[in-house]
2 protein chains.
Amino acid sequence: MARATKPESRERVRDAERSRELILDAAEHLFAEHGYEETSLSDVGKRAGVSRATPGYFFGSKAELHRAVLERCFADVRRAVREGKARALASGQTPDVILAGAVADYSDFVAARPNFVRLIEREALSDRTVLEGMPLRLAVWQEALAAFRQELGLDISDTSEAAHLLLSLVALTWFPIVHGGTFLKAVGLDPQAPDFAEQRRRHITTLLLGALRERAGNTSTWS
Amino acid sequence: MARATKPESRERVRDAERSRELILDAAEHLFAEHGYEETSLSDVGKRAGVSRATPGYFFGSKAELHRAVLERCFADVRRAVREGKARALASGQTPDVILAGAVADYSDFVAARPNFVRLIEREALSDRTVLEGMPLRLAVWQEALAAFRQELGLDISDTSEAAHLLLSLVALTWFPIVHGGTFLKAVGLDPQAPDFAEQRRRHITTLLLGALRERAGNTSTWS
DNA sequence: GTTAACTTGCTGGCTGACAAGCAAGTTTCT
DNA sequence: AGAAACTTGCTTGTCAGCCAGCAAGTTAAC
């Protein structure tokens, strides 16, 4: 089983692990880009460079492949959340600075992985119930919320304050990914423009910082 | 066949206009709820109380029906935008108050018509090009942007400021509609709770007002 | 160290389900 | 009677899942 007994032989060896990954990559791209229903296992096979039937062979069914893609996606998100949290806590900065850093971190993350946003967005819109039976996804958001609270020094008394703040961060960050070609263009914003990302990041930071300062008789002044 | 030979004719009268509306209503619901691909013309016919082929008879094709649904949807949005603009300008209030009112108005609108949000969101995610050939949708957003700018007294110098503000309003307002059952639940927010809508509205208002005041050396103080 | 028995990776053909669109009805209205 | 408003039947196409098979490897027997 342990892969790679490859002494010479640089040719195409049969490699289940590699095939699985190729299929997952292909499926992630196609599911994110065109949606679950619009993607056939044939398409996945073609893009992965394997045959029509191979995705089914490895993952049992289309639904199972889909679940595997989502699972891997949430695992990546969790990793990013943990890295961000570690960085924020290690910095020892004020909540203001930490919040600004979180905005930048998360903006970068979704910009680097737009497929994740699209995948989750599609899933939320669909009436599929895959997400229900996925404890990982629940854990990820709860972990993010806890980290957010801790980083910003929000006590537990006002329980929903941090949730609303996180919700807003996510909403503001995701929107341009999904509606970049439609809404943004319509109101004269070009998400491809070199300064758009920076401009947007600034705007989001302004919004959230205002709310954070307003929240309590905060002593820190910034500006 | 089923037809129930009506002697008196309390029965289904033939009314093309009414049938069209019933079909549009059914299609809007199904497209929004389950998506375009997952909805068959049979489903639409069944929900509209007509036969399998009637949607095709009136609209020519599934794609045309879809386009008709979207067109009607944007027409409704435009009506709402115009009403909101008229109300705002008639009020003669300060930008702060007007912005708060716009948040309330728009929150109510999307809460009352979650299907519109889902339809547009699905359309943005899909790789269909229907929206391209729909001047109405472009006009609606541009009209909304112009109204926003005028209401808030944002001059034309900083052209993207109003766009970012509107973008944020839309992003913040739409998100709970789409992710109410997934993300919101995960972070402990219940979009069905009686006070959620109000709480959310307040939060959004706080965010946007902060940004509006920050934008310029604004003289108005509020709080 | 060759070969035979067996496993794993992967493929193409087949089938049953379902959907879109058309064509040829049938019913109702005027 | 004729057109408009529907409906039923049919054709064609697509796709998921199953199956039988083959080829590349692996283990074991000799």
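Order of the sequence lines sets the chain letters (A, B, ...), proteins ahead of strands, with each chain counted from 1.
- Pairs passing the salt bridge (charged side-chain N to carboxylate O under 4.0 Å, His left out) check and including a residue from residues 73-91 of chain A, sequence neighbours excluded, read A:D76-A:R79, A:D76-A:R113, A:R82-A:E143, A:R87-A:D105.
- Within the structure, every side-chain polar atom (N or O) of A:Y57 is placed at least 4.0 Å from both OP1 and OP2 of C:dC10.
- In this entry the distance linking CD of B:E38 with P of C:dC18 reads 16 Å, nearest Å.
- A:E21 places its CD atom 14 Å from the P atom of C:dG9, with the value rounded to the nearest Å.
- The aromatic rings of B:F183 and B:F175 sit perpendicular, their planes meeting at an angle over 60°, well past the 30° parallel limit.
- Distances shown here put a side-chain N or O of A:S19 below 4.0 Å from the OP1 or OP2 atom of C:dC10.
- Nearest nucleotide to the A:L41 side chain, out of C:dC14, D:dA5, D:dA16: D:dA16.
- What separates CZ of B:F59 from P of D:dA5 is a distance of 12 Å, to the nearest Å.
- Atom pair A:E37:CD and C:dA20:P shows a separation of 12 Å (rounding to whole Å applied).
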Inset, instruction - Begin from the C-alpha positions of B:R18 and B:E21 and carry the test salt bridge (Lys or Arg N to Asp or Glu O under 4.0 Å) through to its verdict. - result: CA-CA 5 Å; B:R18 173 177 164 79; B:E21 290 301 315; over 6 Å; no
Inset, instruction - List the steps and the verdict of side-chain contact (heavy atoms from CB on, under 4.5 Å) for A:F196 and A:D190. - result: CA-CA 7 Å; A:F196 173 80; A:D190 177 14; over 6 Å; no
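- The A:S51 side chain lies nearest to C:dG12 when the options are C:dA20, C:dG12, D:dA5.
- Separating the CG atom of A:D15 from the P atom of C:dT8 is a distance of 15 Å, rounded to the nearest angstrom.
- Around CZ of A:R149, the count of heavy atoms belonging to other residues, nucleotides or ligands within 6.0 Å exceeds 12.
- Here B:T54 does not reach the OP1 or OP2 of D:dA5: none of its side-chain N or O atoms lies under 4.0 Å away.
- To the nearest angstrom, P of D:dC6 lies 8 Å from CD1 of B:I23.
- A donor and an acceptor atom never sit less than 3.5 Å apart when one is taken from the side chain of A:R20 and the other from the base of C:dG9.
- Under the ring pair (Phe, Tyr, Trp, His ring centres under 6.0 Å) criterion, the residue pairs touching residues 23-50 of chain A are A:F31-A:Y36, A:F31-A:H66, A:Y36-A:H66, with sequence neighbours excluded.
- Atom-to-atom, CZ of B:R52 to C1' of C:dC18 comes out at 11 Å; the value is rounded to the nearest Å.
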Dump every N/O contact between nucleotides 23-26 of chain C and the protein below 3.5 Å, one line per pair.
none

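- Taking atom CG on B:L65 and atom P on C:dA19, their separation rounds to 15 Å, with Å as the unit.
- You won't find any donor-acceptor pair under 3.5 Å spanning the side chain of A:R18 and the base of C:dG9, going by distance alone.
- With a 6.0 Å cutoff to the six-membered ring centre and a 45° limit on the axis angle, B:R20 counts as a cation-pi contact of B:F59.
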